[in-house]
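To start, the structure under review is shown below, and the notes come after it.
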Amino acid sequence: MATDFIPFVPLPFVPPQHLPAWVALGAHARRLAPRPLATLFTTEPARAERLSLALSDSGVRNLIADFSKQKIDAAALSSLLQLAREARLDVGMRRLFAGDRLNFTEGRAAAHMAMRGACPAPDTQGADTSAPRAFAAALRAGEIKGSSGKTIRHVINIGIGGSDLGPRLAVDALKDPADDPHLPHVDFVANIDPRELAAVLAHADAAATLFIISSKSFGTAETLANAEAARAWLQSGGQTDSGAHFAAVSNAVDAASHFGVRPERVFPLPEWVGGRFSVWSAIGLPLLIAIGEAAFDDFLAGARALDEHFATAPFERNLPVWLGLIGLWNTDFLAIDSLAMLPYAHGLRHFPAWLQQLEMESNGKRTLRDGSPSAVPTAPIVWGGAGTVGQHAFHQLLYQGTRTVALDFIVPVGADEPRQRALVDNALAQAAALMVGRSLDAARDSLHRRGLPEAEVERLAPHLCSAGNQPGTTILLPRLDAFHLGALLALYEHKIFVQGWIWGINPFDQYGVELGKDMARVLAAGKAGEQDASTARLVKLAQGFRQAAFKP
Ligand code: F6P
């Protein structure tokens with residue numbers, strides 16, 4: 001049963017810019033702004049150690065974050081920690097872990113940590129994952145058959161946003177290509193663009209395919225349209241009992257059953273788990289199928305280790321607190337409005353997209369707890385891509401463009417093997433080069449070494465300069481496995497909570513997204529004429545293209 005709306009009991013809320021530490025931070029920013037990043041190492045020789053935090057003191061299950069390439073020093077960090085204290089982040093964290101209804105606009109808790117056993121569940125509805133686990137185990141064992149009796153070997157998850165990005169990232173990161181070829185292959189389809197489903201179906205055998213309709217609401221237009229298309233494809237492939245080829249992860253059990261999913265194959269999730277925090281719940285079904293229960297439990301264990309650290313470590317040694325505070329420092333005090341996520345692992349190539357939803361759908365807001373507008377910038381623009389691929393594309397702008405961009409390097413160290421070592425070396429080299437840059441003198445030296453005449457050296461040197469000073473955080477993991485991926489995702493989940501709490505934002509709703517959905521419905525209803533002249537005209541032009549394309 002869905003929990004009833006119970007209003008959030010607000011704390012007296014002070015917008016962050018009215019807290020005393022905010023003023024001190026402004027002074028630190030003015031002091032540090034003109035300092036080249038690399039010179040901070042001269043005045044603080046021990047900053048590499050002092051500005052690093054680890055999840056644990058020892059052991060191979062660890063995660064280390066080096067913040068020393070950020071434009072911050074001990075004094076500024078101390079004021080940031082003071083800001084967290086003045087904003088009563090401790091109270092926010094206690095309320096989060098106690099299952100308080102911090103999602104105050106929807107009257108819900110945000111207790112996704114309960115799915116990994118790190119706090120009590122506010123209620124039990126949807127929290128038990130034994131049914132999706134059993135279903136995944138049966139699929140892996142080859143016990144689930146299609147309508148013609150053929151074993152299901154191909155699972156296609158149809159979902160979007162939080163019902164796609166987390167499982168897609170985790171399956172890509174953790175599925176071992178060398179796994180038993182008899183295990184089901186897992187694919188993902190999110191876009192309503194027919195090409196995405198068509199591309200996956202091109203290699204599919206209808207008799208051996210099962211679709212998971214993953215939608216907490218079972219009301220998302222893209223997902224429902226793709227589910228209908230999947231059913232039509234099954235029928236055209238001769239699978240008359242399409243119910244044998246569907247499962248669903250949804251809280252709208254009736255709607256899913258009405259669509260044709262057998263009720264025992266509709267797996268709910270708790271209302272207190274938001275879409276972008278839901279990979280730990282039944283939404284993780286594709287991951288359970290791809291990696292099995294033991295690895296999934298390790299994934300939860302990694303996240304739980306981070307939860308426990310977040311809940312218990314003092315702010316002075318707390319990874320998500322630092323990650324959140326330093327992100328806020330960059331946004332609000334150094335006016336850096338963009339965060340590039342640079343994972344150095346092919347298996348993390350979907351991480352930037354996952355983080356985009358997490359940060360931008362959570363804290364991409366301006367209305368504060370007391371209903372007033374934020375007077376300070378909130379979530380940055382998050383983008384990025386996997387290294388080393390991005391080095392040969394967008395890194396040019398980071399080196400020589402006109403913007404300062406905050407950089408998060410994620411570096412799973414992995415095997416002691418030449419290409420893997422080169423991957424790690426590249427990550428560390430990029431973080432260093434983007435911090436240090438290249439001066440005019442260094443550019444001249446490099447041209448002299450090429451033996452160019454002096455006039456050419458002078459002409460070309462400015463073009464080889466790089467301002468450097470791109471602030472970076474480097475997160476080092478021993479390897480990319482289930483435990484460390486779980487820890488990494490939980491680290492960023494808590495980061496956005498830290499920031500949302502201090503800014504005074506509710507990170508757990510997404511009313512903005514609804515506006516675009518409403519407009520799509522207006523256009524689908526043929527009411528474009530009632531819209532602005534540009535939109536009305538574009539709709540007409542699109543109709544023209546459509547008709548021309550379908551002329552016999
Ligand atoms: O459109 C945004 C959103 O509401 C996300 O927050 C959510 O993860 C996604 O749509 C999918 O929602 P559902 O699981 O209900 O289909």
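When a ligand or atom number is given, it counts from 1 through the structure's own listing order. Keep in mind it's a predicted model, so treat the numbers as computed, not measured.
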Q) Salt bridge or not for Arg140 and Glu293, using N-O below 4.0 Å? A) no
Q) Would you say the side-chain atoms of Arg61 pair up with the backbone N or O of Leu55, donor to acceptor, closer than 3.5 Å? A) no
Q: Using atom types as modelled and distance alone, determine if a side-chain donor or acceptor of His350 lies under 3.5 Å from a backbone N or O of Asp172.
A: no
(Q) Looking at Ser374 and Val376, would you say the former's side chain and the latter's main chain have a donor-acceptor pair under 3.5 Å? (A) yes
(Q) Which protein residues come within less than 4.0 angstrom of ligand 1, counting heavy atoms only? (A) Ile160, Gly161, Gly162, Ser163, Ser215, Lys216, Ser217, Thr220, Gly275, Arg276, Gln357, Glu361, Gln510, Val513, Lys517
Q: For the residue pair His484 and Leu480, establish whether any side-chain heavy-atom pair is separated by less than 4.5 Å.
A: no
Q: State whether the side chain of Asn157 and the backbone N or O of Phe188 hold a donor-acceptor pair below 3.5 Å, judged by distance alone.
A: no
